[in-house]
Amino acid sequence: MIASLFKKLSGVFQTACTDNSTVVQIAGNNSGDIVINDPIAIKAFDTELDKKHSEILETCLSIISNLSQSKQNNELSTNNVDVVLQAFIDSGDVEKAQALISQLIDNNEDTILKQAEYYYQRGSLTYLSESEQTLKDFVRATQLNPEHINAWTMAGSTYDRTGELNSALQAYQHVLNLSEKTCDSEGKVVSYGNIGTIYQKQGELDKALEFYQKSLEINESIGRRVGVANQYGNMGNVYQIKGELDKALEFYQKGLEIDLHLDRKEGITSKYGNIGNVYQTRGQLDKALEYYQKSLEINESLGNKEGIAIQYGNMGSVYKTQGELDKAREYYQKSLEIEESLGRKGGMAIQYANMGILYAQQGDLHQAKAHWGKALALFEQVGAKLEIAQVSIWLAELEKIKE
């Protein structure tokens, strides 16, 4: 195996081969070494490393290590573990891994901290494709281990996805408090960025920018380039909402340059989508569609349903502007179905609003009102102030037309 080195989330992974074993050094919040000498585990480990894209890469590597160790100490059967590891190698399938992690949860009822970690790991396995059980697992991990920073962070992210913004803010604030208590700089910068995202969704743009700036400055001071790229993207989002498109594009491009250098696919796909939004706002529709397509393809390769849904919606908006209304509705519907499967209220609201616009353009005011009504109810549930105001205006204008 060729040694590889790259930054990911809170740490740096460095792998090396010695005496038929793989030694994994993890720096950052989870400092320590993992030694793997099980051949099939090493192969699964290398497969995950080669992807260089999973939002839960660190957790996947820990799961592979835990399963291998559980096989060696006869806690799990050799055959069952090997089947799971082969699934990682062949397709990245996590269902079989979920079953074994569930077994480890049951086997460690008397070891609270280990059980908390297994709940966190099981939640991480389904994070990209599911929300309800994922959230339950993350919350259970925090109940068993109130100082599990990663579980609190992922719980906050899942609350954010499902529109429970106050709960998300509380989780992120808890992470910030834990990070300040332990003088954990990386935990603080991630928390600042996440808190900024909630304020942005609540329409408090200046407050969001303040937290993004705090995160950016610390990321720069500790040389955490992934964090710098993230905050460039977040700040670009705020400037885009404010209508400062040149400034937004400047920040997106700066973030994209770092993500490309790190071959960080989550960051790349996010920036492609954001840049596409700028071009769409400017009326450069072909260029917008080009960037949305790039983002969609990467999200599909990652199995990131949330990202796929967002790009379907973006592409639908381009087709709507181009007058291809049937195609626009098709893409909005595809996006809506995924958002519903994830329980992502904000995303559902956006697609209901988009479809309402289509019906209004076609003169079907009854359907427009119905879809905007659904959108408004969901936006109110997530506290999206700007969107609530906009949809309320559209509904008021419909009433005037009827009069």
Side-chain angles (χ1 to χ4, degrees), residues 6-14 25-32 54-59 62 113 116-117 120 123-124 127 135 138-139 141-143 145-161 164-202 204-239 251 254-255 258-259 262 264 266-267 270-271:
F6 60 96
K7 292 181 183 293
K8 178 64 195 176
L9 292 178
S10 63
V12 175
F13 296 91
Q14 187 169 11
Q25 298 174 328
I26 304 177
N29 291 338
N30 302 295
S31 298
S54 174
E55 289 187 10
I56 57 166
L57 176 61
E58 182 176 339
T59 306
S62 294
L113 293 183
E117 181 62 20
Y120 166 70
S124 297
Y127 174 72
L135 180 59
F138 289 144
V139 169
T142 65
Q143 291 170 341
N145 180 3
E147 296 190 354
H148 198 311
I149 284 183
N150 288 339
W152 278 107
T153 298
M154 296 302 285
S157 181
T158 313
Y159 279 128
D160 181 2
R161 174 194 288 168
E164 299 175 67
L165 299 188
N166 289 333
S167 294
L169 191 59
Q170 289 174 9
Y172 292 149
Q173 186 64 55
H174 190 80
V175 175
L176 180 59
N177 293 340
L178 288 174
S179 300
E180 289 176 337
K181 177 181 174 183
T182 59
C183 299
D184 177 3
S185 295
E186 292 184 0
K188 284 196 288 187
V189 296
V190 171
S191 300
Y192 283 142
N194 287 334
I195 290 170
T197 299
I198 301 302
Y199 284 130
Q200 178 185 316
K201 291 184 177 182
Q202 292 176 330
E204 300 186 49
L205 300 184
D206 290 339
K207 205 163 186 177
L209 206 54
E210 173 191 340
F211 275 84
Y212 292 152
Q213 185 64 42
K214 285 181 180 180
S215 181
L216 177 64
E217 290 173 0
I218 299 176
N219 275 304
E220 289 176 331
S221 70
I222 63 178
R224 188 172 178 269
R225 299 186 70 196
V226 168
V228 172
N230 284 339
Q231 298 320 313
Y232 279 150
N234 285 335
M235 295 170 78
N237 290 337
V238 173
Y239 289 123
F251 275 83
K254 288 165 71 173
I258 295 172
D259 286 327
L262 297 175
R264 184 173 169 269
E266 303 97 324
S270 174
K271 305 301 187 304

Just say parallel, tilted or perpendicular for the rings of Phe251 and Tyr239, cut-offs at 30° and 60°.
-> tilted
Using a 4.5 Å cut-off on heavy atoms from C-beta on, say whether the side chain of [Y] contacts that of [X].
X      : Y      : answer
Gln202 : Asn166 : yes
Val175 : Val190 : no
Tyr172 : Thr197 : no
Ile218 : Ser221 : yes
Arg224 : Val228 : no

Roughly how far, to the nearest 0.5 Å, is the [atom2] atom of [Y] from the [atom1] atom of [X]?
X      : Y      : atom1 : atom2 : answer
Asp259 : Arg225 : CG    : CZ    : 9.5 Å
Glu147 : Lys181 : CD    : NZ    : 4.5 Å
Asp184 : Ile149 : CG    : CD1   : 5.0 Å
Leu169 : Tyr159 : CG    : OH    : 13.0 Å
Ile195 : Glu210 : CD1   : CD    : 10.5 Å
Asn219 : Lys214 : CG    : NZ    : 14.0 Å

Could you tell me which non-hydrogen atom of Ser215 sits nearest to which non-hydrogen atom of Tyr192, and how far apart they are?
-> CB-CB, 3.8 Å
What's the verdict on side chain to side chain contact (heavy atoms under 4.5 Å, CB included) for His174 and Thr142, showing C-alpha distance, side-chain angles and the deciding distance?
-> CA-CA 11 Å; His174 190 80; Thr142 65; over 6 Å; no
Looking only at the side chains, is there a donor atom on one of [X] and [Y] sitting less than 3.5 Å from an acceptor on the other?
X      : Y      : result
Gln200 : Tyr212 : yes
Tyr127 : Ser157 : yes
Arg264 : Asn230 : yes

Sub-3.5 Å donor-acceptor pair from the side chain of Ser270 to the main-chain atoms of Glu266, do we have one?
-> no
Going through the distances and angles, do Leu113 and Glu117 end up as a side chain to side chain contact (heavy atoms under 4.5 Å, CB included)?
-> CA-CA 6 Å; Leu113 293 183; Glu117 181 62 20; over 6 Å; no
With sequence neighbours left out, write down each residue that passes salt bridge (Lys or Arg N to Asp or Glu O under 4.0 Å) with Glu204, or none if nothing qualifies.
-> none
Apply salt bridge (Lys or Arg N to Asp or Glu O under 4.0 Å) to Glu180 and list each qualifying residue two or more places apart in sequence or on a separate chain.
-> none
Take Leu178 and His148 through the side chain to side chain contact (heavy atoms under 4.5 Å, CB included) test and state the conclusion after the steps.
-> CA-CA 9 Å; Leu178 288 174; His148 198 311; over 6 Å; no
Mind checking side-chain contact (heavy atoms from CB on, under 4.5 Å) for Ala171 and listing every partner two or more places apart, or none if nothing turns up?
-> Trp152
